[in-house]
Amino acid sequence: MHGVVGKPPGATDSHAVVTSKIMLLMLVAMTGVAPISLYMLVPALPVLATTFGGDIAVAQMTVSLYMVGIACSQLIMGPLSDKFGRRPVLLAGLALMVAASVGCSLAQTLPQLIAARFLQALGGATGMVVSRAIIRDLYSRDRISSMISLVIAVMMMAQMLSALVGGLLETAFGWRAIFYFITAASLSVAVLIALALPETRGERSESSSFRGDVGKLIRNRAFIGYVLCQVLASQIIFMFAGGGPYIVVTQMGRTTAEYGAWFATTGFAYLIGNVFCVRFAPRHSLEKLIWFGLAVQFGGALLNLVLSIAGINQAPLWLFGTQMIVMVANAFVMNNAAAGAISARPEAAGTASGAMGFLQQGIGALVSQFGAYLGGHSTTTLPLTAAIFALSIACVSVMFFIVPRRTVVVSEELVKKAEEEESGML
């Protein structure tokens, strides 16, 4: 199959699995099980607060600490998958999610539910970090972004429906039914992985270690540049998500339901961006696609800023219509920058993926709070759109000043040969 790097040692018949739709199904399932489980519970938060006699802010911790669990999981599970292999770490994470989901369904107090949700995220998010490492194991550098985009595109269609499914389950059977569903779904994913997923990680040097992998990544200019570009681009989403509700509901006087409908348009735009990325990635280099995304992202952010200064985008149609341009471009930047980051050191793809995911989620929690502050303490959209424009400039600056220029096409064979020559000189 075009783009497949090769069959790792010990991965029996992995080539046949890669060429089938089963691999795509497994990648989507392992990537989506954690975020889908996150959004399924959101409609039931008011019910949880009433049921357990707590404040809605306490019930909200079932979501906020879940996000902390996702961030911690990526930092832990990525390096573990480099050391012990993708398959065992993924199965262990899914087993933890199944056990924690059962704990959620049996919880008698909010603190018990919050603790179980944290463990649920810690286990479930393993698939998010390991899926990127698996894609790096199986595909060449210039094919990675299209595979990541394809997985995200399929996953987002399911994710968009997750809140609806959660609301229907809660209305028909009660909030515990949500966790019965999550338990069954995560168990099904674990069984699918156990039966169909071969080990994809190649052989590692005996001298390889987590400390060594981290040291090499930190000293790798390309890795730092791509990670910063990807993380900064992702903060545009968190910034807008944090400030958007206050602007639409408080400043513009619209209902929360209307805000939800408008916000869905940005998710649809991001989905479209992923679809386009799948189409164009096999024909163009990572760098060209990133620069295309950065240019369109910068243009959309600038347009939104100009409309704010002119006072035109004080209506959802203008604000979200322009933000949709930014989101389409954002998909190009994020997916291709992620592909570049995990390709910087192929033998440490899990560690690279985990570090990137941790920074994205961890910084995102702070940026979303800052976005909420800008939206809630302003009378116009200008502070929020100015912050988004600043982030787009930061993305361009990182790509221009930090990521090295590729003057020649560097194949993986040349990289391996250069490393062997370097080790021989040492």
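What you see is a predicted model, and the numbers here were worked out from it, not measured in a lab.
Side-chain atoms of Leu169 and Trp175, non-hydrogen and from C-beta on, never get closer than 4.5 Å to each other. In this structure the side chain of Val333 never reaches within 4.5 angstrom of the side chain of Gln230, judged on heavy atoms. Residues Cys229 and Val403 form no side-chain contact, since every pair of their non-hydrogen atoms from C-beta on lies 4.5 Å or further apart. Met77 is not listed as a side-chain neighbour of Met128, based on a closest heavy-atom distance of 4.5 Å or more. Residues Tyr270 and Met334 have side chains in contact (heavy-atom distance under 4.5 Å, counting atoms from C-beta outward). With contacts defined as side-chain heavy-atom distances shorter than 4.5 Å, the pair Met30/Ile134 qualifies. The shortest distance between side-chain heavy atoms of Met356 and Ile342 falls below 4.5 Å. Residues Pro198 and Arg87 form no side-chain contact, since every pair of their non-hydrogen atoms from C-beta on lies 4.5 Å or further apart.
Between Thr322 atom OG1 and Leu317 atom CG the span is 8.5 Å, to the nearest 0.5 Å. Rounded to the nearest 0.5 angstrom, Leu374 CG and Ile388 CD1 are separated by 9.5 Å. Remark: Leu119 CG to Ile114 CD1 distance equals 12.5 Å, nearest 0.5 Å. Within the model, atoms OG1 of Thr265 and CG of Leu271 stand 12.5 Å from one another, a figure rounded to the nearest 0.5 Å. Met97 contributes atom CE, which lies 9.0 Å from atom SG of Cys104 (distance to the nearest 0.5 angstrom). The CG atom of Asn304 lies 11.0 Å from the CD1 atom of Ile309; values are rounded to the nearest 0.5 Å.
Taking all atoms of both residues into account, the shortest heavy-atom contact from Gln314 to Thr380 is OE1-CA, 3.5 Å. What you find for Ala338 and Ile148 is that their closest heavy atoms are CB-CD1, 4.4 Å. The minimum heavy-atom distance between Val130 and Ser81, with the atom names listed, is CG2-CB, 4.1 Å. Residues Ala59 and Leu45 share a closest heavy-atom pair of O-CD2, 3.6 Å. What you find for Met327 and Ala269 is that their closest heavy atoms are CB-CB, 3.9 Å. Residues Leu75 and Pro79 come closest through the heavy atom pair O-CD, 3.2 Å.
Relative ring orientation between Phe370 and Tyr373 is described as parallel, the plane-to-plane angle staying below 30° on a 0-90° scale split at 30° and 60°.
The side chain to side chain contact (heavy atoms under 4.5 Å, CB included) test with Leu307 is passed by exactly one of Ile312, Thr385, Leu382, Leu319: Ile312.
Of the possible polar contacts, one joining the Gln251 side chain to the Ser378 backbone as a donor-acceptor pair under 3.5 Å is found. Between the side chain of Thr126 and the backbone N or O of Leu90 there is no donor-acceptor pair closer than 3.5 Å. Tyr226 places no side-chain N or O within 3.5 Å of a backbone atom of Ser343 that could act as its donor or acceptor partner. No side-chain donor-acceptor contact under 3.5 Å links Ser73 to the backbone of Gly69. Under the 3.5 Å distance criterion, the side-chain polar atoms of Gln297 are left unmatched by any main-chain donor or acceptor of Val326.
Within the structure, every pair that satisfies the ring pair (Phe, Tyr, Trp, His ring centres under 6.0 Å) test and touches residues 328-358, not counting sequence neighbours, is listed here: Phe292-Phe332. Listed by first and then second residue, the side-chain hydrogen bond (donor to acceptor under 3.5 Å, both in side chains) pairs that reach into residues 22-38 are Thr31-Ser131, sequence neighbours excluded. Sorted by first and then second residue, the salt bridge (charged side-chain N to carboxylate O under 4.0 Å, His left out) pairs with a member in residues 233-257 read Arg254-Glu258; sequence neighbours excluded. The list of side-chain hydrogen bond (donor to acceptor under 3.5 Å, both in side chains) pairs with a residue in residues 88-101, not counting sequence neighbours, reads Ser101-Gln120.
Every side-chain contact (heavy atoms from CB on, under 4.5 Å) that Phe298 has, sequence neighbours left out, goes to Leu302, Phe389, Ser392, Ile393. Taking Thr381 as the reference, Ser308, Asn313 meet the side-chain hydrogen bond (donor to acceptor under 3.5 Å, both in side chains) condition, with sequence neighbours excluded. In this view, Arg279 and Arg283 satisfy the side-chain contact (heavy atoms from CB on, under 4.5 Å) rule, not counting sequence neighbours. A search for side-chain hydrogen bond (donor to acceptor under 3.5 Å, both in side chains) contacts involving Asn335 returns Ser149, Asn274, not counting sequence neighbours. With sequence neighbours excluded, the residues forming a salt bridge (Lys or Arg N to Asp or Glu O under 4.0 Å) with Arg86 are Asp82, Asp137, listed by chain and number. Scored by the side-chain contact (heavy atoms from CB on, under 4.5 Å) test, Leu192 finds Leu25, Met26, Ala196 as partners (sequence neighbours excluded). Partners of Leu228 according to the side-chain contact (heavy atoms from CB on, under 4.5 Å) rule, which considers only residues two or more places apart in sequence or in another chain, are Ile224, Val398, Ile402.
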### Task
Show your working on side-chain contact (heavy atoms from CB on, under 4.5 Å) between Arg117 and Leu65 and close with a plain yes or no.
CA-CA 8 Å; Arg117 281 283 281 177; Leu65 280 184; over 6 Å; no
### Task
Mind running side-chain contact (heavy atoms from CB on, under 4.5 Å) on Asn336 and Cys277 for me, showing each step along the way?
CA-CA 9 Å; Asn336 288 283; Cys277 198; 3.4 Å; yes
### Message
Pair Phe179, Leu113 - check side-chain contact (heavy atoms from CB on, under 4.5 Å), show working.
### Response
CA-CA 11 Å; Phe179 293 111; Leu113 180 60; 3.8 Å; yes
### Task
Could you walk me through whether Arg132 and Gln74 pass side-chain contact (heavy atoms from CB on, under 4.5 Å), step by step?
CA-CA 11 Å; Arg132 289 192 294 261; Gln74 302 207 42; 2.8 Å; yes
For residues 232-250, tabulate all N or O donor-acceptor pairs below 3.5 Å that involve a side-chain atom, not counting sequence neighbours.
residue	atom	partner	partner atom	Å
Ser234	OG	Val231	O	2.6
Gln235	OE1	Gly364	N	3.2
Gln235	NE2	Val231	O	3.1
Gln235	NE2	Gln360	O	3.4
Thr250	OG1	Tyr246	O	3.3

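Environment of CH2 in Trp291: crowded, with over 12 heavy atoms of neighbouring residues, nucleotides or ligands closer than 6.0 Å.
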